Amino acid sequence: MMKLKELPRVASVEVRIIGIGGAGCSSLNRLAETVSSGASMLGIDTGSATAHLSDSVEALPIGNGFGSGGNPETAVDLFNEYESSVIDFIDGADVVILLAGLGRGTGSGLAPEIARLTRDSGALTIAAVNMPFEFEGRFRNQSAARAHELLESSTDAVMTMCNDDLLAGGAMGGSLNDAFVNADMNIAAAVHAVTLALESSPERSISVQDSLSNAGESAVVSGASTGLHAGSNAVQQAFASTSNDFVGARSAVVHVEGGIGLSLGQVAEAVAKVREEIGLDAAVHVSSERLIGMGQEINVTIVLAGIGSELPSEDKFTPIIPVQRETAITPMVSVFDTPAPRRTRGPVLLPTG
Ligand SMILES: Nc1nc2c(ncn2[C@@H]2O[C@H](COP(=O)(O)OP(=O)(O)OP(=O)(O)O)[C@@H](O)[C@H]2O)c(=O)[nH]1
Ligand SMILES: [Mg+2]
């Protein structure tokens with residue numbers, strides 16, 4: 001797959017991204033293969049996932065490759081002697097983004113541990129995590145909830161994606177693997193949106209870092225649409241994909257992608273719809289990207305931070321200045337494989353046994 005063109009980075013912010021466990025490494029691969037960012041990337045796993053990382057991703061295999069047996073405590077025990085490798089990797093980072101699927105051993109055990117290390121280093125620490133499908137069972141869901149709680153107290157912001165939301169409203173007709181590919185795409189899109197905002201300009205970078213600092217509960221929603229009012233319809237679809245209420249969120253990072261015909265008016269329409277959904281007080285950071293091969297479709301990814309926080313945003317009236325990124329100099333694929341709506345999902349084959 002062809003990468004997006006390397007774009008000049010204005011801000012000198014150092015972003016490092018760490019994928020943890022099987023799901024974290026899989027989401028990291030997705031990110032590394034489809035978008036170009038200045039961020040260094042590291043994949044960590046107690047199982048075999050580090051053997052399948054993209055060339056541009058550093059690998060930190062933990063233990064003897066036999067995994068954690070699904071036990072977070074085993075993963076933490078195995079990790080102890082590797083702590084210094086992670087400390088070396090995050091040295092000098094301004095922002096560290098952690099990717100993991102919660103519910104089993106490695107991601108649930110190590111994400112909070114690594115968050116503690118990155119926060120101690122002084123870096124803004126953001127986790128982007130998948131919560132398990134309900135059908136994965138009570139044990140995994142409880143384990144994921146515990147890990148999520150630990151992450152809330154050890155990070156600045158936890159961007160949470162519920163796997164069940166990925167199925168909501170989707171056309172039924174796919175495999176479990178399709179569902180996980182979808183989850184990876186959503187995580188990658190969210191991290192892309194945040195890194196773009198962080199790397200765009202020094203002023204915006206500082207403003208986004210302020211928005212995410214100690215933001216607490218966060219979430220990511222995405223939608224896609226075509227036709228008249230595609231911008232606003234994609235946003236509407238994004239918010240309709242979850243039953244959560246985001247009124248009062250402290251900030252939103254909004255990324256709008258479209259084909260070469262994407263207009264500023266469509267971006268503005270999408271942003272107006274976001275404001276309608278979350279209220280006028282939130283700081284909104286917008287970026288947009290034109291991609292060849294994207295056709296008529298518009299994809300919108302919205303990262304909402306500080307949900308339900310009493311804290312007023314420091315810069316609630318941040319002007320909305322879309323960053324126009326022309327990525328159409330050579331033919332490129334978008335961060336999404338096909339122009340098909342991302343929320344068309346198939347049935348999940350329930351695991352047996
Ligand atoms: N995004 C994504 N999520 C996945 C994938 N596979 C599994 N998951 C989800 O992530 C959760 C954790 O699974 P893994 O990442 O495989 O587990 P792990 O963290 O490696 O833990 P152990 O293998 O038990 O050490 C699961 O409960 C699923 O909900 C994947 O390929 N992509
Ligand atoms: Mg694993």
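All figures in this text were calculated on a predicted structure; none of them were measured in a lab. Counting starts at 1 for both ligands and their atoms, in listed order.
Under the rule for a ring pair (Phe, Tyr, Trp, His ring centres under 6.0 Å), the partners of Phe180 that lie at least two apart in sequence or sit in another chain are Phe133. Remark: Thr226 engages Gln296, Glu297 in a side-chain contact (heavy atoms from CB on, under 4.5 Å) (not counting sequence neighbours). In this structure Asp184 satisfies the side-chain contact (heavy atoms from CB on, under 4.5 Å) test together with Ser26, Ser27, Arg30, sequence neighbours excluded.
Counted by atom type alone, Asp45 and Thr50 present zero donor-acceptor pairs between their side chains at under 3.5 Å. For the residue pair Gln209/Ser205, the side-chain donor-acceptor check at 3.5 Å is satisfied. Residues Thr301 and His192 have side chains that never bring a donor and an acceptor to within less than 3.5 angstrom of each other.
Closer than 4.0 angstrom to ligand 1 by heavy atom are Gly21, Gly22, Ala23, Ser26, Ser27, Asp45, Thr46, Ser68, Gly70, Gly101, Leu102, Arg104, Gly105, Thr106, Gly107, Asn130, Pro132, Glu136, Arg140, Asn163, Phe180, Ala183, Asp184, sorted by chain and number.
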